[in-house]
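Counting starts at 1 for both ligands and their atoms, in listed order. Along the sequence shown, residues carry numbers from 1.
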Amino acid sequence: MRALAKFIGLILILGGAYLCFWPVSVDPVAWEAPENPGYVGDFAPNDGLAGLRFVDLQGRKGPEDADIGPDGLIYMATHDGEILRSTVDGPAEVWVNTGGRPLGIEFGPDGVLYVADAFRGLMAVSADGQLRLLTDQVDGTPILYPNDLDIASDGRIYFTDSSMRFSAAAEGSTLAASVLDLVEHSATGRVLRFDPASGGTEVLATGLSFANGLALTEDESAILVLETGGYRMWRYPIDGGAGEVILQDLPGFPDNLNRLNDGSFAMGLVSPRNAIMDRLSGSPFLRRMVMRLPDAMKPAPTRYGFLIRTDSSGAVLQTLQDPTGAYALITGAVDLPDGRFVVTSLTEPRLGILPLGQ
Ligand SMILES: [Ca+2]
Ligand SMILES: [Ca+2]
């Protein structure tokens, strides 16, 4: 009996030492998570996504972002590097494979598809499917996590680099690197600009906790950027300079941002906020302990579909939700010329299409 008690005691001591001292790759920074108003007011629950139809992705998954091509087809980035294209009724077919992890995609005024590839860098895909790397570094620092982008009418490309700390390629997946960056909250995300005329890349803004969705306003006077770890949206003058927060205290983790045909913006909330992670925002020690827990015990995304439409000043115009989580981890949306929404996701094996009138 005493031997058993000793043995259990030893296990508890070793377990406690592991939870307190085992080395982890994050160096958490104390911050104060903003209040979470939850799903009330502008964010009150609805079932606006209940009528989603789907395009099957032929065994692929994770249509992270989509755009409508000059040919009218829907182009989408998928989890294993392939960029697919499809009519609104399917079937989807493989167009190209970047060899990396394409996240944000956007057609430029030149008909070229520009891609923020988290593993490879900022890339261009010509109409005949030729791939070209545009940039993977700035000011002598590697761009570790290109995420979302938009292209101005002068051809210059604005894009986010989510983290200077955690490389999507080095961590083996975009999800692994994003979790490390969000738990650490060292806020090293940046807004960058690539100029195809000079081939140069410059830094327009720094200090974002996982810089993610990015879209230019219709008049191209400003860049709107989603800060996933700060649950908020920023607006920067087009040439950089001081940004201002125009929407804050979001009830979830915002991902992509796309400008819709009417000049408004669509963002996806990939998951509701996590109460435990918010409560631990001021405790770097406890956040380090969380990283030592088995994966099954770590905070994970909650399945709840959520799209938000805003204007260029950050005012919420509409939300479309799926409380059942049938189509979840929604990253964002783009709209077809007839007004239907194309809804994208980090993990789903299909692309969502929202019929007219919804
Ligand atoms: Ca996009
Ligand atoms: Ca994204």
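One finds an angle of 160° at the Ca ion (ligand 2) between OD1 on N212 and OE2 on E64, to the nearest 10 degrees. Rounded to 10 degrees, the OD1-metal-OD1 angle spanning N256 and N147 at the Ca ion (ligand 2) equals 130°. Centred on the Ca ion (ligand 1), the angle running from D65 (OD2) to E106 (OE1) is recorded as 140°, rounding to 10°.
Checked against a 6.0 Å centroid threshold, the rings of F54 and Y327 count as neighbours. You'll find the ring centres of F253 and F210 outside the 6.0 Å limit.
Figure legend: cation-pi geometry between R273 and Y231, with NZ or CZ positioned under 6.0 Å from the six-membered ring centre and within 45° of its axis. Cation-pi contact between R85 and Y75: absent, since separation from the ring centre below 6.0 Å together with deviation from the ring axis within 45° is not met.
If you look at D255 and ask which of its N, O or S atoms sits nearest the Ca ion (ligand 2), the answer is OD1.
The backbone N or O of H185 sits nowhere less than 3.5 Å from a side-chain atom of S209 that would complete a donor-acceptor pair.
Contact annotation: D148 places no N, O or S atom under 3.0 Å from the Ca ion (ligand 1). At a cut-off of 3.0 Å, I105 is counted among the residues with an N, O or S atom near the Ca ion (ligand 1).
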